[in-house]
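The block underneath contains the structure these notes are about, expressed in structure tokens.
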Amino acid sequence: MLTAGIVADWMLGRNEWEYLLGDAEPITNLKLQKLLYYAQGVFSALTGEFLFEEDFVAWEHGPVIESIYHEFKGYGRDPIPYNPKFFDSSYEEIPEEAESILESVYKNFAQFSAWKLRDMTHEERPWKETPRNFVIQKELIKEFFEEQYLEEA
């Protein structure tokens, strides 16, 4: 199992590459949180396992991993700036199957703005059924993504 930090670094590195090519806007903390949420959900639906152990909490603006939020909160609403660590060897820890799923999640969800992703999570059962500031149960995320994404495919 990976950590949310490794997956966050992967998302930020992937975004930096797209941004340098002129094909993406930089990622904010809010958008990063939602990409992590969709990565966890899609991965669990497809594999039956969880991508990382950290829990999401149902905050006002959607699912949040608190440790990742605190790591980047200093940027506020601004984009998270480039950091060479996003391209470091930690990617070697990501199994090929997981990286393939991350690539799919990035392509399908990073195209949306942070606020569009926020609004999407607000319409989904895991966030709607969890009281604010409580942990969103991983099994609820997995069930929702199995129903929503596997049954529609």
Side-chain angles (χ1 to χ4, degrees), residues 1-16 18 24-81 83 85-86 90-91 93-95 97-153:
M1 187 178 294
L2 301 172
T3 67
I6 289 171
V7 177
D9 288 350
W10 187 95
M11 288 289 180
L12 291 165
R14 180 66 175 83
N15 177 256
E16 183 68 21
E18 290 279 321
E25 63 181 34
I27 290 180
T28 62
N29 198 352
L30 180 66
K31 186 169 185 171
L32 178 61
Q33 294 291 336
K34 304 318 166 235
L35 291 174
L36 291 172
Y37 169 76
Y38 284 108
Q40 179 79 300
V42 171
F43 186 87
S44 66
L46 292 174
T47 68
E49 299 175 3
F50 296 103
L51 185 58
F52 47 81
E53 188 175 322
E54 293 89 342
D55 288 318
F56 286 93
V57 177
W59 281 12
E60 177 184 352
H61 294 296
V64 168
I65 295 175
E66 292 177 305
S67 62
I68 301 297
Y69 169 80
H70 290 298
E71 181 176 350
F72 296 110
K73 72 180 178 183
Y75 300 112
R77 295 179 183 191
D78 294 331
I80 298 169
N83 183 329
K85 85 170 193 168
F86 302 150
S90 66
Y91 298 136
E93 298 177 38
I94 300 177
E97 178 186 28
E99 188 162 20
S100 175
I101 293 170
L102 290 176
E103 183 65 32
S104 176
V105 168
Y106 183 85
K107 284 181 179 178
N108 286 300
F109 293 97
Q111 65 181 312
F112 300 116
S113 72
W115 285 96
K116 170 68 175 170
L117 292 169
R118 172 206 179 268
D119 291 345
M120 288 166 54
T121 65
H122 281 209
E123 296 301 318
E124 297 172 351
R125 195 164 46 91
W127 184 84
K128 287 169 67 172
E129 291 182 4
T130 304
R132 294 306 68 87
N133 301 315
F134 280 76
V135 169
I136 302 172
Q137 297 302 308
K138 282 186 184 76
E139 286 299 323
L140 180 58
I141 294 171
K142 182 175 171 274
E143 282 175 19
F144 172 76
F145 278 84
E146 286 172 344
E147 293 165 6
Q148 193 68 26
Y149 291 92
L150 294 185
E151 290 180 9
E152 286 183 5

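Here the structure is a predicted model, which means the values were calculated and not measured. Position 1 is the first residue of the sequence, and the numbers go up from there.
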- Under 3.5 Å, side chain of Glu54 to main-chain N/O of Ala4, donor-acceptor pair present? yes
- Query: Any side-chain heavy atom of Thr28 within less than 4.5 Å of one from Phe72?
  - Reply: no
- Message: For Trp127 and Tyr37, I'd like to know if the aromatic rings sit close, meaning centre-to-centre distance below 6.0 Å.
- Response: no
- Please name the residue in the list Lys34, Lys31, His61 that meets the side chain to side chain contact (heavy atoms under 4.5 Å, CB included) test with Trp115. His61
- Message: What I want to find out is whether Lys128 reaches Glu124 closely enough, with some N-O distance under 4.0 Å, to be called a salt bridge.
- Response: no
- Step by step, would you call Arg77 with Leu30 a side chain to side chain contact (heavy atoms under 4.5 Å, CB included)? CA-CA 8 Å; Arg77 295 179 183 191; Leu30 180 66; over 6 Å; no
- How many angstroms lie between atom CD1 of Ile94 and atom CG of Asp9, to the nearest 0.5 angstrom? 8.5 Å
- Task: Specify whether Phe56 and Phe52 have parallel, tilted or perpendicular ring planes, treating 30° as the upper limit for parallel and 60° as the lower limit for perpendicular.
- Result: tilted
- Nearest-0.5 Å distance that lies between atom CD in Glu93 and atom CG in Leu2: 7.5 Å
- Keeping the roles fixed (side chain from Asn15, backbone from Glu25), state whether a donor-acceptor pair exists under 3.5 Å. yes
- Message: Ignoring hydrogens, what is the shortest heavy-atom contact between Leu36 and Ala8? Give both atom names and the distance.
- Response: CD2-N, 3.7 Å
- Query: With a 4.5 Å heavy-atom cut-off, do Asn83 and Leu12 have their side chains touching?
  - Reply: no
- Item | Minimum heavy-atom distance Ala39-Val105, with the two atoms named | N-CG1, 3.8 Å
- Hey, does the side chain of Gln33 reach the backbone of Ile65 with a donor-acceptor pair shorter than 3.5 angstrom? yes
- Task: Determine the minimum heavy-atom distance between Gln40 and Leu51, stating which atoms define it.
- Result: OE1-N, 2.8 Å
- Note on the structure: When rounded to the nearest 0.5 Å, the distance separating CD of Glu71 from CD of Glu66 is 14.0 Å
- Spacing of Glu143 atom CD and Gln137 atom CD [to the nearest 0.5 Å]: 10.5 Å
- Go through the steps for Lys142 and Phe43 under the test side chain to side chain contact (heavy atoms under 4.5 Å, CB included), then give the verdict. CA-CA 9 Å; Lys142 182 175 171 274; Phe43 186 87; over 6 Å; no
- Find the distance between CG (Leu140) and OG (Ser44) and round it off to the nearest 0.5 Å. 10.5 Å
- Query: So which heavy atom on Ala58 is nearest to which on Pro131, and how close?
  - Reply: CB-O, 3.7 Å
- Query: So, are Arg14 and Glu103 salt-bridged, with charged N and O less than 4.0 Å apart?
  - Reply: yes
- Which atom pair, heavy atoms only, marks the closest approach of Gly41 to Phe145? O-CB, 3.2 Å
- Query: Quick one: CG on Leu46 to OG on Ser104, what's the gap to the nearest 0.5 Å?
  - Reply: 8.0 Å
- Could you tell me whether the side chain of Arg125 reaches within less than 4.5 Å of the side chain of Gln148, counting heavy atoms only? no
- Is there a side-chain contact between Thr3 and Glu53, using heavy atoms and a 4.5 Å cut-off? no
- Task: Could you tell me which non-hydrogen atom of Phe109 sits nearest to which non-hydrogen atom of Leu117, and how far apart they are?
- Result: O-CD2, 3.7 Å
- Message: Between Arg132 and Thr130 (side chain of the first, backbone of the second, donor and acceptor by atom type, cut-off under 3.5 Å), is there such a pair?
- Response: yes
